[in-house]
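In what follows, a single structure is set out as structure tokens and then discussed.
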Amino acid sequence: MNRRIVLPLPWTPRVSDTQRFLLLSICIGLFAGLLVVCFHFAIDLVSWSALGTPIGRNRLATVLAPVLGGGFAAMLVLLVFQDAAGSGLTHTKAAVYISDGYVPFRTVVAKFVACATSIGSGNSLGPEDPALQMGAGVASWLGRAFALPKEHLRLIVPVGAAAGIAAAFNTPITAVLFVIEEVIASWNASVLGSIVLSAVSAVVVSRWFLGDEPLFRVPAFELTHPSELAVYALVGLVGGLVGTMFVRSLGVLRGRLADSSRAARLLQPFAAGAAVGLMGLLLPQIMGAGYGSVDGALHDEFSWQLMLVLAIAKMAATAVCFAAGTPGGMFAPTLFTGAMIGGGIGALAQLYWPVATSPPSAYVLVGMGAFFAAVFRAPMTSVFMVFEVSASYVIILPVMVANLVAYLVARKLSPLTFFEMVAAQDGLQLPSQERQRESRMLRVEDAMTVLPDAAAVASIGDEAGPPAPVLHPDQSLDTALHTFGSRRELAVVSRRDVSRVLGVLRLDDVLRAYGVRGGSPSLMAPASRDQPDR
Amino acid sequence: MIHRSRRLLVLVGASLAVLCGATVLLASVYHATRADRAQDHLARGEALARGDELVRAVEEYRTALSLERDSVEAERGLALALLSLGRLSEAESYLSDLLQRDPTDGPLNRGMARIHVARGRDAEARVAYQRSIYGQWPGDPLAGRIDTRFELLQYLARLDAREEVLAESLRLKAELPPGQTAAQRRVADLLLNAEAPELAIETLRAAAIAAPRDVELLAHLAEAEAATNRSRDARMTLRRALQIDPARRDLRERLAVMDRVVALDPGLPRLGLAARARRARQLLAAVFEQTRACGKELPSEMMAVRDEAALRLRRRARTDAEAADQELALAARLWSASPVCYGSTPEARALAHVLQRVEAPQAPQP
């Protein structure tokens, strides 16, 4: 990482690898931003041409467009560009953990054409996941073009992914958090800096062309009463339950459809398009990404009955499209469904508890976040996402409550997240960021031998030679292993008073804690050991 | 190696430039297409709204707004159409957004006031109406302000806020341009309801001077004068109206009533004691005649009052104030005791008019 590379142009200063990486991140952000802006334009232009405005007015187009558009897009992916099939995030993670950061550039082209066609023609899918993969693809291409070493190439892909998401949602913070939560699970400073730079660059570009308004224009409101938080918790509970059920159903359906014959798999996207088109005759709101309808829900356009019907219909349409292999993402349908669930519960709460209830727009926002948290199991991302897409800070407390409830409910009911389920079905063994977050790190205090005070002082004072390195109880065993060197034991001292020895850590104890040499893995602190003073 | 790296940088830079150029081109196509479509839908929405096809207008406005989120015209049209359709919650969300951008918009503030009224938010409604009245109005600002004041006055009248009604009515009266006789009539009604009859009559008389041949106005003035114990003035006004339009049967009937009132009313100004006493006795006799003509069976307590009246009428007439008061009171008791007997003949209406003021406070003498 400290190798100095000389740039070819005579007037350029010498830059280090880190600096080059950061500059490349900005470049990736610009590329990804422009690409996603074009993607956004392409989707709308296809939609206006294929479906007209408003969606649903031309009944023939409403039925035929998703069939033809979704069918064409799926054929493109299934027959020509197989790398572009499936979830963009899953393939991006596969690139990071399996393919050494390799994302073919043809994937970018395929995703652009296929998803613009499928989403623009009304299939119930979203643009953010394809944008993520396109950003990752651009990053991989640039990284390979600049001959980055393998370890950097792996890191550059999430940088591009963040740029794609940031430009698609117009949400830089969410993009950064999502990539860290879902792709790399690392807060390493240099990677974080690159991700932030690329996300910011991408958002600058997207705002230049698309304006700097948030994704949704939210009517002003205030929280009416603290007791409302109970209703928001209910939104979280329902979001968690429904989200889990949705992911499971989607998994079952996708698995069943994947087991069909090849001929059937080729026809499935056409059938999915037909199903969406027929549903669209009655409920045109479910077609495409559906952001216009979310805006309508925020402005109290729909009754609570219609909102709940839309939520169910959208889940059905999205499940059918995604399971059948129609290219597109799940973020937008998730936000739509969550919005309708939240809005429906909010409208009901207003009927039965009008004194202490905010307007339905508050519940629409909270519902979006809760359902997102339940489906994707990215708790920090879901909180900041709601804040960024609405530019409303008032909503932050209810969102935190509802998202937490939804996340815990979903985690309790289902071991697999949506992305883990998709990866498993695609035959990919990818690390689970949730499991990494949740797993307990082994520390020195878990493996050390606590010594009585007098004996500890005597044993350290008797050692001859240069002072040995010491450990602290809160340090990880991984850090301890790096510290051992040729030694077989190290003193563990207090941080408050480094002359006070608390215990000894032996190499054998470390190995035993990791389950080596006959010892069982110790994920809980041993009951027989005392908790040392730090 | 250096050449290769240089070439690579140039290639990447060129790719970025090409992509940027393509994006700019696509953006211009996109924005132009979007603007055209939005304008089409907006125009359709406005045409439908003018034709009172509000449901379809709402759909067009919504589509225009989804295409051009910054379109104030589309959002405004949508908000007002939703308000007209009674979809208050949704209208309120759009109106709030619009009023955040322009708090001085008169029609929008009036729309918001209507929502507050429907939701029972009195304080907010008053504030919104005032903002509307003093806000910006397109087209004819005076007409907008006047209409809004009337709306506010009706609302205040429903709330029984008499002093506010009076205050607003006076402001409205001051603002009304000459020649707006219909509006002046409405103001006079409001002033009457606010128990300010002098101001009401003053308003109507001023309007009648500006429009001396307006029969409706004269009829309204006569009504106001009759309601305020100015029976002679009311009779004269009705005669004037009939001179202009002799074919008006309703005015002729009202004149007949007024004639009888003027003949019977013992409370008319400038009557001497003897005249007053005579009229009181005539009044009692007239009421008694009405009950005698009544073919229905009367309850016993009514019969008792009637017998008392008959006894009184058989006695010699007196001309003192005490007798007059007694006969008036007896006439009023007999009248209120036997309401089943009276139809809507001019005689009955005249008697009702005179007797309703027997216990009411006397109006100031002109």
Side-chain angles (χ1 to χ4, degrees), chain A residues 5-10 12 24 27 30-45 48-49 52-57 138 141-142 145-147 205-206 208-211 213-214 216-221 291-293 295-303 347 350 359-361, chain B residues 1-13 15-31 33-34 36-38 40-41 56 58-70 75 78-79 82 87-100 119:
Chain A
I5 304 295
V6 177
L7 281 184
L9 304 170
T12 53
L24 190 56
C27 191
L30 296 175
F31 264 103
L34 288 168
L35 201 57
V36 169
V37 165
C38 289
F39 186 50
H40 176 100
F41 291 156
I43 290 173
D44 280 350
L45 288 168
W48 298 337
S49 307
T53 51
I55 294 175
R57 182 171 282 179
V138 162
W141 169 66
L142 282 171
F146 280 94
V205 169
S206 99
W208 179 270
F209 286 98
L210 301 175
E213 290 251 346
F216 302 115
R217 189 178 290 179
V218 180
F221 62 88
Y291 285 142
S293 300
D295 211 58
L298 284 164
H299 287 87
D300 213 11
E301 179 181 334
F302 311 116
S303 64
Q350 267 210 325
S361 54
Chain B
M1 175 79 166
I2 291 175
H3 272 300
R4 189 164 160 263
S5 301
R6 191 181 297 176
R7 211 166 40 230
L8 180 61
L9 275 177
V10 169
L11 186 64
V12 168
S15 305
L16 192 59
V18 166
L19 183 57
C20 197
T23 308
V24 168
L25 187 64
L26 193 57
S28 68
V29 171
Y30 173 84
H31 288 304
T33 309
R34 191 178 71 173
D36 286 343
R37 283 181 172 263
D40 281 345
H41 285 289
R56 290 175 59 197
V58 161
E59 197 183 318
E60 296 295 337
Y61 282 132
R62 259 198 240 288
T63 309
L65 193 59
S66 72
L67 290 164
E68 288 270 29
R69 279 176 48 170
D70 289 332
E75 193 169 5
L78 177 60
L82 287 167
R87 275 138 69 163
L88 300 182
S89 192
E90 197 182 348
E92 186 175 3
S93 69
Y94 288 112
L95 282 173
S96 300
D97 185 46
L98 287 164
L99 285 170
Q100 272 191 339
R119 299 254 194 254

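These numbers come from the heavy atoms of this one structure, side chains and all, not from hydrogens, waters or symmetry mates. Letters A, B, ... mirror the listed sequences (proteins, then strands); counts begin at 1.
We find the NE2-CZ distance between H299(A) and R62(B) to be 10.5 Å, quoted to the nearest 0.5 Å.
In this structure, R217(A) pairs ionically with D97(B), as a charged nitrogen and a carboxylate oxygen lie closer than 4.0 Å.
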Carefully, step by step, assess L34(A) and L16(B) under the rule side-chain contact (heavy atoms from CB on, under 4.5 Å).
-> CA-CA 9 Å; L34(A) 288 168; L16(B) 192 59; 3.8 Å; yes
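Neither the backbone nor the side chain of I55(A) comes within contact range of chain B; no heavy atom of the residue lies under 4.5 Å from a heavy atom of that chain. Both the backbone and the side chain of F146(A) come within contact range of chain B, judged by heavy atoms closer than 4.5 Å. Heavy atoms of E59(B) lying under 4.5 Å from chain A belong exclusively to its side chain. Neither the backbone nor the side chain of W208(A) comes within less than 4.5 Å of any heavy atom in chain B. In this structure, the portions of V24(B) lying under 4.5 Å from any heavy atom of chain A include both its backbone and its side chain.
Annotation: side chain of D44(A) is not in contact with side chain of T33(B) (no heavy-atom distance under 4.5 Å). At least one side-chain heavy atom of P54(A) sits less than 4.5 Å from a side-chain heavy atom of H41(B). Using a 4.5 Å heavy-atom cutoff, the side chains of T53(A) and D40(B) are not in contact.
Within 6.0 Å of CZ in R69(B) there are more than 12 heavy atoms belonging to other residues, nucleotides or ligands.
Per-residue heavy-atom pair counts under 4.5 Å with chain B were compared for E213(A), R57(A), H40(A), and the maximum is reached by R57(A). Here T23(B) is the residue among L67(B), T63(B), T23(B) with the most heavy-atom pairs under 4.5 Å with chain A. With chain A as partner, the option from D70(B), L65(B), L82(B), L11(B) having the largest number of non-hydrogen pairs under 4.5 angstrom is D70(B). Of the listed residues S66(B), A22(B), A27(B), the one with more heavy-atom pairs under 4.5 angstrom with chain A than any other is A27(B). Among L210(A), L45(A), V37(A), the residue making the largest number of heavy-atom pairs under 4.5 Å with chain B is L45(A). For the options V218(A), D300(A), V205(A), heavy-atom pairs under 4.5 Å to chain B are most numerous at D300(A).
Among residues two or more places apart in sequence or in another chain, the ring-ring contact (aromatic ring centres under 6.0 Å, His included) test is passed with F41(A) by Y30(B), H31(B).
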